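The structure displayed is predicted, hence computed values, not measured ones.
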Protein chains: 2
Amino acid sequence: MSSETAFISALRNLASSTAARGLMDDAAVLTVGGANLVLTMDTVVESVHFLPDDPAQDVAWKLVAVNASDLSAKGASPLGCLYSHALGEDAWDTAFLEGLAEACRHFALPLLGGDTVRMPEGAPRSFSLTALGQGPEGTPPPARTMARPGDIVWVSGTIGDSGLGLDILLGTQMASGPGAQWLKARYRRPMPLTPLGPALAPYVHAMMDVSDGLLVDLSRLATASNVGARIDLDAMPLSSPYAAVAGTSREARLKAACAGDDYVLLFTAPAQNTSDIEAIAKATGGAVRALGTIGHHAGLRLTCEGTDIPLPAHLGYEH
Amino acid sequence: MSSETAFISALRNLASSTAARGLMDDAAVLTVGGANLVLTMDTVVESVHFLPDDPAQDVAWKLVAVNASDLSAKGASPLGCLYSHALGEDAWDTAFLEGLAEACRHFALPLLGGDTVRMPEGAPRSFSLTALGQGPEGTPPPARTMARPGDIVWVSGTIGDSGLGLDILLGTQMASGPGAQWLKARYRRPMPLTPLGPALAPYVHAMMDVSDGLLVDLSRLATASNVGARIDLDAMPLSSPYAAVAGTSREARLKAACAGDDYVLLFTAPAQNTSDIEAIAKATGGAVRALGTIGHHAGLRLTCEGTDIPLPAHLGYEH
């Protein structure tokens, strides 16, 4: 067990309130004045969560987007955010605020408060944001624990784009042209379709956002729900730019299924809700794809072209 | 105008929601499900907000205490907190969690969620915490803007202890023995009497916590309320250890009035509420002291031994 795993385990012992959901979900859920308040907090650190030469506006955008995605995955409508800024160079900080303003408007998360702090010379940039949302009425915010055998496994949007964009930015994948630009933008400016989560919430059992990779996140969802999942690699939704750069081979689909930073929704729902789910996706301008089913067995099973295939050694970003 | 002031001014433009209170108050106030939700977020950075050799448990304690103090100053009862941890050495991190657990219990702020992040090698430690509380029922959480001419100016607890403790830790003030230990502990483990704020809220007009220095914080309160304040330096509440180390001269009182990190309450209230306020302080185990009055004039006026004295050049920690 790594020291980080041990630390998080110690944190879980500390977070014994039911509102904390055992620190196993995308967000905390607190009942206040009869409303379900959904709370999430993320920190991004230079050279860890973003590249030192990423545009400041994009770093701010990403900070807001990842938190907005967590709220959406719990079916919550955005209320606002608090954010803590580590002061650095004026020009960079000013550009950061531009991106923050744009993202707060886009994701309907007005800035409510926070803190600005001076950093010692040479410290890496780091920023924290807490986002608040109001959960669905009359139904608990969908947790990772709520998948049931017989459910269909769904994903919204396309997967793998951001991961491939990062590869292009890092130079480990060669690509140019508008498609490559679009893929890089998916890494720097994730675009979660946040109205989708609240609209889907009444029709789903379990829901979460895909941040570390579809396979690793689905395996976490299955474990949390004490069920298994079988999904079909042929059903992976790939974007045209992804297909143009990486192809559509089994390896390309597997790579997409293990890539991080997608910020799309992964959810399970009873089969009878299929037409509602498809209608909602259409109405919010999104696309959803059925990937497979939830079963009584434990763990994740993967099929491709009609036969079972082994799981890759790394399902995504794991810690 | 410093670049930091310009940055904070740009942030204020961004925080146009009424819930943000213009980023001029200790906390944001958001109405959710009929309840007043009070929200505050603070970040502490090594070598900026705490000393590199401060015990890890005390750093965690301080992080929770300063946020709990902000909630109390808005009359809010604690609901919980989210916190972001920058991972460092295992032993230090484990000790930090001990202090965090102790402080979360003491201040009734259960851990609800947050984030843990890896930091690049050599980065200073930094930690952010967002605390949530439920504001008083039937009355808006007391803001800095609500002082009215004729109000009495009050402070809870004693002032200057933490600042003097820091001087002793830094070696700029020589002192030893139990009194010096107590003063150092006031810097490292602030002890805001948090039940006092919610109990006082129905009886006060303006309220805030003293974090940057009594004089500078009172001048901010007066400016925010568009009033002036006259206070008596002879009324400064000094602790016995403070008096034993620094004395009780005019200079010693002025030093206490400009010291930071007190985390006591500063509030104004109509004269007819005096007996209620004294009774509440007694019931919650605290002490309150009347320092002066709010007037129609602008700015701060200081008296000592019956005569007006000039304000010091620096009223406290200003940014």
Side-chain angles (χ1 to χ4, degrees), chain A residues 3-4 6-8 10-11 14-17 19-21 23 25 27-28 30 32-35 37 39-49 79-80 82-87 90 93-94 97 100-101 104 110-120 122-124 126 128 130 132 134 319, chain B residues 3-4 6-8 10-11 14-17 19-21 23 25 27-28 30-35 37 39-49 79-80 82-87 90 93-94 97 100-101 104 110-120 122-124 126 128 130 132 134:
Chain A
S3 61
E4 184 171 349
F7 183 82
I8 292 172
L11 268 180
L14 188 49
S16 55
S17 154
R21 294 188 159 193
L23 303 186
D25 212 336
L30 189 68
V32 180
L37 192 70
L39 298 151
T40 179
M41 180 180 198
D42 275 295
T43 296
V44 295
V45 180
E46 183 179 26
S47 302
V48 180
H49 303 95
L79 288 170
L82 290 91
Y83 120 92
S84 174
H85 187 96
L87 291 160
D90 291 351
D93 286 348
T94 302
L97 274 197
L100 191 79
C104 286
L111 181 64
L112 305 180
D115 200 6
T116 52
V117 293
R118 288 231 154 268
M119 296 298 282
S126 72
S128 290
T130 300
L132 295 87
Q134 185 153 356
H319 59 95
Chain B
S3 61
E4 184 171 350
F7 182 83
I8 292 172
L11 267 181
L14 188 50
S16 55
S17 153
R21 294 189 158 191
L23 303 186
D25 212 337
L30 188 68
T31 306
V32 180
L37 192 70
L39 298 151
T40 181
M41 182 181 197
D42 276 294
T43 296
V44 296
V45 180
E46 185 179 24
S47 301
V48 179
H49 303 96
L79 287 171
L82 291 90
Y83 120 94
S84 174
H85 186 97
L87 291 159
D90 291 350
D93 285 349
T94 302
L97 275 197
L100 191 79
C104 286
L111 181 64
L112 304 180
D115 201 6
T116 51
V117 292
R118 288 232 154 267
M119 296 297 282
S126 72
S128 289
T130 299
L132 296 88
Q134 185 153 356

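In this structure, the portions of Asp93(A) lying under 4.5 Å from any heavy atom of chain B include both its backbone and its side chain. The parts of Leu82(A) that come within reach of chain B are both its backbone and its side chain, each placing non-hydrogen atoms under 4.5 angstrom from that chain. Leu23(A) touches chain B through its side chain: at least one heavy atom from C-beta onward sits under 4.5 Å away, while N, CA, C and O do not.
With chain A as partner, the option from Ala28(B), Pro120(B), Ala19(B) having the largest number of non-hydrogen pairs under 4.5 angstrom is Pro120(B). Ranked by heavy-atom pairs shorter than 4.5 Å toward chain B, the options Val44(A), Val48(A), Leu39(A) are led by Leu39(A). Of the residues considered (Ala101(B), Gly122(B), Pro110(B)), Ala101(B) shows the highest number of contacts with chain A, using heavy-atom pairs under 4.5 Å. For the set Gly34(B), Ser47(B), Ala20(B), the count of heavy-atom pairs under 4.5 angstrom toward chain A peaks at Ala20(B). Here Leu97(A) is the residue among Asp90(A), Leu132(A), Leu97(A), Thr94(A) with the most heavy-atom pairs under 4.5 Å with chain B. Contact count versus chain A (heavy atoms, under 4.5 Å) is highest, among Leu30(B), Thr40(B), Leu11(B), for Leu11(B). If you tally non-hydrogen atom pairs under 4.5 Å between each of Met41(B), Glu46(B), Arg21(B) and chain A, the highest count goes to Met41(B).
Judged as a side chain to side chain contact (heavy atoms under 4.5 Å, CB included), and not counting sequence neighbours, the contacts of Asp115(A) are Ser84(A), Val117(A), Asp42(B), Thr43(B). With sequence neighbours left out, the side chain to side chain contact (heavy atoms under 4.5 Å, CB included) criterion links Gln134(B) to Val32(A), Ala35(B), Leu79(B).
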Ser17(B) and Leu112(A): CA distance, side-chain angles, deciding distance, side-chain contact (heavy atoms from CB on, under 4.5 Å) verdict: CA-CA 7 Å; Ser17(B) 153; Leu112(A) 305 180; 3.7 Å; yes
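Met119(B) is listed as a side-chain neighbour of Val45(A), based on a closest heavy-atom distance under 4.5 Å.
Across Phe7(B) and Leu87(A), no two heavy atoms sit closer than the pair CD2-CD2, 3.7 Å.
Atom CG of Leu14(B) and atom OH of Tyr83(A) lie 8.0 Å apart (nearest 0.5 Å).
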